Amino acid sequence: MQVFPYRRGSQANHAQNDAICAVASELDDEITVTNLGVPCKELYSCRDRELNFYMFGSMGLVSSIGMGIALRSEKTVVVFDGDGSLLMNPNALLEIAKEAPKNLIIIALDNGAYGSTGSQETCALRYIDLEIFANACGIQNTTKVNTRENLIEAFRKFRAMKSFL
């Protein structure tokens, strides 16, 4: 599952926070894995829980870490990853498609910027569509959303599925 916030530019961080808090409000017994500093702080402020795994300083690694947890757990694993982080380690999506964990949801927060390191522009802002990239890697169950309501609806749909890939 991929999620694309509905604001860019100066309001992108607000949209990312909206997305994280929207999903956090829906969490039950899922394990969450969150990348870098800003998303970790946002999840912590929205809904800190024992099942949250805050990966400060893990740029490019959080989806791989989430896959590893999903492969060794029966619980659903929800990964909050950013476009910059996903593009830092693009082979992670290939491995995830190959391993095909049935209990993994990846929420790709595409704000077009490396938000935790100074908001430098990522290639996703102008050149790469992360949903098409995920599909090319073999992940077929994806969706784009642009409102909080659509995000919650998509999260509920993917959580109810028994196979995410």
Side-chain angles (χ1 to χ4, degrees), residues 1-55 62-63 66-67 69-70 75-87 92-93 96-97 101-116 119 121-165:
M1 173 177 167
Q2 294 193 328
V3 177
F4 298 78
Y6 46 95
R7 293 185 204 104
R8 289 233 167 139
S10 64
Q11 295 184 353
N13 286 338
H14 180 66
Q16 177 176 290
N17 188 41
D18 286 351
I20 291 171
C21 288
V23 173
S25 71
E26 295 291 316
L27 294 171
D28 291 322
D29 66 342
E30 298 87 1
I31 298 168
T32 62
V33 187
T34 309
N35 78 327
L36 294 175
V38 173
C40 288
K41 292 174 186 174
E42 290 168 353
L43 180 60
Y44 181 84
S45 70
C46 291
R47 187 161 182 216
D48 182 39
R49 354 174 261 138
E50 286 187 20
L51 293 172
N52 292 354
F53 188 34
Y54 303 106
M55 288 303 307
V62 74
S63 287
M67 177 186 66
I69 295 170
K75 288 184 179 274
T76 297
V77 178
V78 178
V79 172
F80 292 100
D81 210 346
D83 56 318
S85 182
L86 280 168
L87 294 172
L93 294 180
I96 289 167
K102 307 281 188 229
N103 56 337
L104 178 64
I105 298 174
I106 298 172
I107 300 174
L109 301 161
D110 181 1
N111 62 2
Y114 295 102
S116 291
S119 295
E121 185 178 302
T122 70
C123 291
L125 183 64
R126 300 173 200 256
Y127 307 109
I128 295 174
D129 181 308
L130 290 179
E131 183 175 31
I132 292 171
F133 179 67
N135 294 157
C137 290
I139 299 172
Q140 298 306 310
N141 291 334
T142 63
T143 190
K144 287 183 186 179
V145 300
N146 57 11
T147 67
R148 181 183 180 94
E149 295 76 24
N150 292 139
L151 170 57
I152 291 171
E153 179 183 322
F155 179 73
R156 288 175 180 165
K157 174 187 136 188
F158 279 88
R159 182 174 55 188
M161 294 172 67
K162 296 302 175 200
S163 174
F164 301 117
L165 299 177

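These figures come from a predicted structure and were not determined experimentally.
Across all non-hydrogen atoms, the minimal contact from Val33 to Met55 is CG1-CG, 3.8 Å. For the pair Gly66 and Val79, the tightest heavy-atom approach, listed with the atom from each and the gap, is CA-CG2, 3.7 Å. Nearest approach of Ile139 to Ala97, heavy atoms of both residues: CG1-CB, 4.0 Å. The two atoms that bring Thr143 and Ala154 nearest to each other are CG2-CB, 3.8 Å, heavy atoms only. The two residues Asp81 and Ser63 make their nearest non-hydrogen contact at OD2-OG, 2.6 Å.
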Dump the intermediate steps for side-chain contact (heavy atoms from CB on, under 4.5 Å) on Phe133 and Leu86, then the final yes or no. CA-CA 10 Å; Phe133 179 67; Leu86 280 168; over 6 Å; no
Checking side-chain contact (heavy atoms from CB on, under 4.5 Å) for the pair Leu87/Leu130: CA distance, chi angles, key distance, verdict? CA-CA 9 Å; Leu87 294 172; Leu130 290 179; 3.9 Å; yes
side-chain contact (heavy atoms from CB on, under 4.5 Å) assessment of Asn52 paired with Thr34: CA-CA 8 Å; Asn52 292 354; Thr34 309; 5.9 Å; no
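Rounding to the nearest 0.5 Å gives a distance of 9.5 Å between SG of Cys40 and CZ of Phe53. Atom CD1 of Ile105 is separated from atom CD1 of Ile31 by 12.0 Å, given to the nearest 0.5 angstrom. Residue Asp129 holds its CG atom at 8.0 Å from CG of Asp110, rounded to the nearest 0.5 Å. Ile20 CD1 to Leu43 CG: the interatomic distance, rounded to the nearest 0.5 Å, is 6.5 Å. Here the CG atom belonging to Leu109 is positioned 11.0 Å from the CG atom belonging to Asp18, to the nearest 0.5 angstrom.
Within a 6.0 Å radius of OH in Tyr54, more than 12 heavy atoms belonging to other residues, nucleotides or ligands are found.
Every residue was checked against the salt bridge (Lys or Arg N to Asp or Glu O under 4.0 Å) condition with Asp48, not counting sequence neighbours, and none meets it. Residues forming a side chain to side chain donor-acceptor pair (under 3.5 Å) with Arg47 (at least two apart in sequence, or on another chain): none. Checked against salt bridge (Lys or Arg N to Asp or Glu O under 4.0 Å), Lys75 has the following partners two or more places apart in sequence or in another chain: Asp29. Take Ala70 and apply the side chain to side chain contact (heavy atoms under 4.5 Å, CB included) test, not counting sequence neighbours, and it matches Val77, Pro101, Asn103, Leu104. Qualifying salt bridge (Lys or Arg N to Asp or Glu O under 4.0 Å) partners for Glu26, counting only residues two or more places apart in sequence or in other chains: Arg156, Arg159. Evaluation of the side chain to side chain contact (heavy atoms under 4.5 Å, CB included) rule for Asn150 yields Val145, Asn146, Thr147, Glu153 as partners, not counting sequence neighbours.
For the residue pair Thr142 and Asn135, a side-chain donor N or O sits within less than 3.5 Å of a side-chain acceptor on the partner.
Although no hydrogens or angles enter the test, the distance criterion places a donor-acceptor pair under 3.5 Å between the side chain of Glu30 and the main chain of Asp28.
Between Phe155 and Leu27, the closest side-chain pair of non-hydrogen atoms falls below 4.5 Å. A heavy-atom distance below 4.5 Å is not found between the side chains of Ile152 and Glu149.
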